[in-house]
Number of protein chains: 2
Amino acid sequence: MNIYDIAKLAGVSYATVSRVINNKDDVKQETRERVQKILDEHGYLPNSFARGLSMSGMKLIGILLIDVRNLHHSNTAFHIETEFAKFGYTSFIAGCGLDNTKQEEYLRVMASRNVDGLVLIGSRFQNEETRKNIKKYFSGKPVVIANGYLDLPNVCGIVDEERKAVAGVVDLLVSRGHRNIAFVNDYVTFSAQEKEAGFMEGIERNNILYNENNIRHIKTDIDVSIVESEKLFSLNRDITAAIYSEDLMAVGGVKACGRLNLKIPDDISIIGFNNSIYSDVSTPRISTIDNKRYDLGAKCTDALYAMLKGKKVEPVVKIIPELIHKETTNLIE
Amino acid sequence: MNIYDIAKLAGVSYATVSRVINNKDDVKQETRERVQKILDEHGYLPNSFARGLSMSGMKLIGILLIDVRNLHHSNTAFHIETEFAKFGYTSFIAGCGLDNTKQEEYLRVMASRNVDGLVLIGSRFQNEETRKNIKKYFSGKPVVIANGYLDLPNVCGIVDEERKAVAGVVDLLVSRGHRNIAFVNDYVTFSAQEKEAGFMEGIERNNILYNENNIRHIKTDIDVSIVESEKLFSLNRDITAAIYSEDLMAVGGVKACGRLNLKIPDDISIIGFNNSIYSDVSTPRISTIDNKRYDLGAKCTDALYAMLKGKKVEPVVKIIPELIHKETTNLIE
DNA sequence: CTGTTAGCGCTTTCAT
DNA sequence: ATGAAAGCGCTAACAG
């Protein structure tokens, strides 16, 4: 069923049908109704390809995320989708995985689908390769990066101030008497490096002793974290607080304390990152640095929408994370 | 940059450019190289709309999910996407929310994007409304429903035998001496109703006593579950085992036991559903009924791919869930 | 091996 | 208010 068929059935030209479909106002009410009726009866569906061909903007936005198993990222993606749906946009979501070659491929797919705007979710997009690809395929089109930034005129980055946040948490711990603080990190992503830089910043400006045994680099996995946390806490018995770069790792820390019979938070404080549901699923609930993922999605939407409307936006929008006190710390004054 | 521009630059007709782009073999090597070079230099991108218009199948599949915050569903979606990418398909993922009107809207969007096949994820798609919409917009095109089924010639349902699974767990509990078993359920979804039917089946065929205090209907939320579980366990002190329709609810059960000083699993056994990461994040780790979500994605992919290739498939593919013994039960012989 | 031609289904002038 | 015609960028059949 296309407009020609409908036109024939309605006894009008296909141009008129097109007008009815697009709610143009220069159609006689009577004709409109007759055509609309036939449209409805036959469950007519416009072909988006044909439409996309003749129209300039198809009200389509592309959302690309690195790791689809990352709850954080997929939530942000769907949040953005929902918001844009309210403005009449449809979203094209895809997960391109960690593989760098796939990244270019998906960027191409997005570009060839003529998306009006693009959202990239994940700090891993902050790299030279991606910069080049954006320049190649998306110059002129608005691009927003969630949790990352690239210096390009059409790119807006929403960045969590994770470094500052971790440094601040170290300050707080020190002010509460902690002198031996551990940091367990994923280390692979840009975001992880930022967090670690923040940890070092905190350690140094507070003149705290530390050695390589205070930092551990591990995979984001509960069981790995249990094993490594056990090692960490047994090797370095003076540790009174551990910061983990992800809640899921902190869960491993909590379980390790259980095995070593360390009391939380009296013997040791555990701090996670993300304020994810994992921190609440854990018993005890894990105190965690909230990087406000909900804000992230909202800010991405705002920025992209503004750019789509041709408005200028700040190239970098900052989000300030905040420590949420739950049951694995007793830091409140 | 379209093929006309490229053709002009290369001094050939645009048909030749099209041939190069599509790797047709009837182009002289020399010409091919010359055209390819210009294509590369200019970062040429085919316009998918134009392509979609002239080609029959665009190798596009649509994936629609109800609740995007459901880890289970989004994982399945992305798994399917990844698999189909290997076959050269791109996927169009969208979350349509619980709202029924949105469901039709999204089905329309999918149809108008001319997807070659459709995957619906979630038992909520198993309803008359959706059946009508599929008939209206997708008759003739292959449709797969993950965790649900609709009686239509072009629809294949992958269903978890959740009812049977829960009944089986009741059998097992009874065989280990449990006589007072509780069931906590979400109740809204078709899937939830199936689970409850399974519980009742188990109760009845084992001739176990039970009253309305053995069943509770609550929202899928940790804190709600804590409160309700506390009530449940205090009201009915003889309960020795509780089955929850979602791991997240079971987490509430575990925490409630902590508050009531009930020892797990000696005083009470807790059983969750999904074998999700929540069951491992919890301390103690929750014994859970694994409905094999990984299988679900794989089976959806297989079925859809087969249908796409024009093969006949079984209208219903069954997945048999299995109880995974972790730390909240001691049922093993 | 390459060019010409005719659509794919729709939107959008431009006439009438 | 409605119809005719052009064109969006591409593929594919048909000539040469």
Side-chain angles (χ1 to χ4, degrees), chain A residues 1-39 42-60 88 90 108-116 137, chain B residues 1-39 42-60 88 90 108-116 137:
Chain A
M1 272 292 150
N2 55 31
I3 46 174
Y4 297 91
D5 301 324
I6 302 286
K8 219 169 286 167
L9 290 166
V12 295
S13 80
Y14 55 83
T16 303
V17 178
S18 173
R19 288 191 185 99
V20 172
I21 292 166
N22 296 287
N23 264 309
K24 302 285 181 195
D25 42 288
D26 46 359
V27 179
K28 211 199 313 180
Q29 186 58 21
E30 185 198 314
T31 316
R32 179 187 303 281
E33 277 163 16
R34 183 154 41 91
V35 172
Q36 188 61 55
K37 186 153 163 267
I38 298 181
L39 246 19
H42 292 265
Y44 165 81
L45 271 186
N47 177 320
S48 353
F49 291 126
R51 219 172 210 181
L53 237 198
S54 30
M55 294 205 299
S56 44
M58 254 264 75
K59 288 212 164 207
L60 220 201
T90 40
R108 285 182 62 120
V109 170
M110 289 292 176
S112 74
R113 285 207 189 288
N114 287 16
V115 298
D116 301 307
Y137 301 118
Chain B
M1 271 293 148
N2 56 31
I3 46 174
Y4 297 90
D5 301 324
I6 302 287
K8 218 170 288 168
L9 289 169
V12 295
S13 80
Y14 56 83
T16 303
V17 177
S18 173
R19 288 191 185 99
V20 173
I21 291 165
N22 294 288
N23 264 310
K24 304 285 180 192
D25 40 278
D26 48 358
V27 180
K28 210 199 315 180
Q29 186 58 21
E30 185 198 314
T31 316
R32 180 188 301 281
E33 277 165 14
R34 184 154 40 91
V35 172
Q36 188 60 56
K37 188 155 163 266
I38 296 180
L39 247 19
H42 292 265
Y44 166 82
L45 271 187
N47 177 320
S48 339
F49 292 125
R51 223 175 208 177
L53 236 199
S54 25
M55 296 204 299
S56 44
M58 252 265 77
K59 290 213 161 206
L60 220 201
T90 40
R108 285 182 60 120
V109 169
M110 289 290 177
S112 74
R113 284 207 188 288
N114 287 16
V115 298
D116 302 306
Y137 300 121

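Lettering follows sequence order; numbering is per chain, from 1.
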Quiz item: Tell me: CD1 of A:I6 to C1' of C:dG9, nearest whole Å?
Solution: 13 Å
Quiz item: Is the closest side-chain heavy-atom distance between A:N2 and A:N47 below 4.5 Å?
Solution: no
Quiz item: Is there side-chain contact between B:K8 and B:I38, with at least one heavy-atom pair below 4.5 Å?
Solution: no
Practice problem: For A:L45 and A:M1, run side chain to side chain contact (heavy atoms under 4.5 Å, CB included): C-alpha distance rounded to whole Å, both residues' side-chain angles, the deciding distance at 0.1 Å, then the answer. | Solution: CA-CA 8 Å; A:L45 271 186; A:M1 272 292 150; over 6 Å; no
Practice problem: Output, in order, the C-alpha distance, side-chain angles, deciding distance and verdict of side chain to side chain contact (heavy atoms under 4.5 Å, CB included) for A:H42 and A:L9. | Solution: CA-CA 10 Å; A:H42 292 265; A:L9 290 166; 3.7 Å; yes
Exercise. Using five base pairs at each end, measure the axis-to-axis angle across the helix from C:dC1-D:dG16 to C:dT16-D:dA1 and round it to 10 degrees.
Key: 40°
Quiz item: Would a 4.5 Å heavy-atom cut-off, applied to side chains only, mark B:M110 and B:L60 as touching?
Solution: no
Self-check item: Protein proximity profile, nucleotides 8-16 of chain D - base contact B, sugar-phosphate-only contact S, no contact -, cut-off 4.0 Å on heavy atoms
Solution: BBBBBB---
Quiz item: Does A:S13 place a side-chain N or O at less than 4.0 Å from the phosphate oxygens OP1/OP2 of D:dA4?
Solution: no
Quiz item: Looking just at side-chain N and O atoms, do A:T90 and B:R113 make a donor-acceptor pair shorter than 3.5 Å?
Solution: yes
Quiz item: Taking C-beta and beyond as the side chain, do B:R51 and B:I21 meet within less than 4.5 Å on heavy atoms?
Solution: yes
Quiz prompt | Closest non-hydrogen atom pair, A:K24 against A:R32 | solution = O-NH2, 2.6 Å
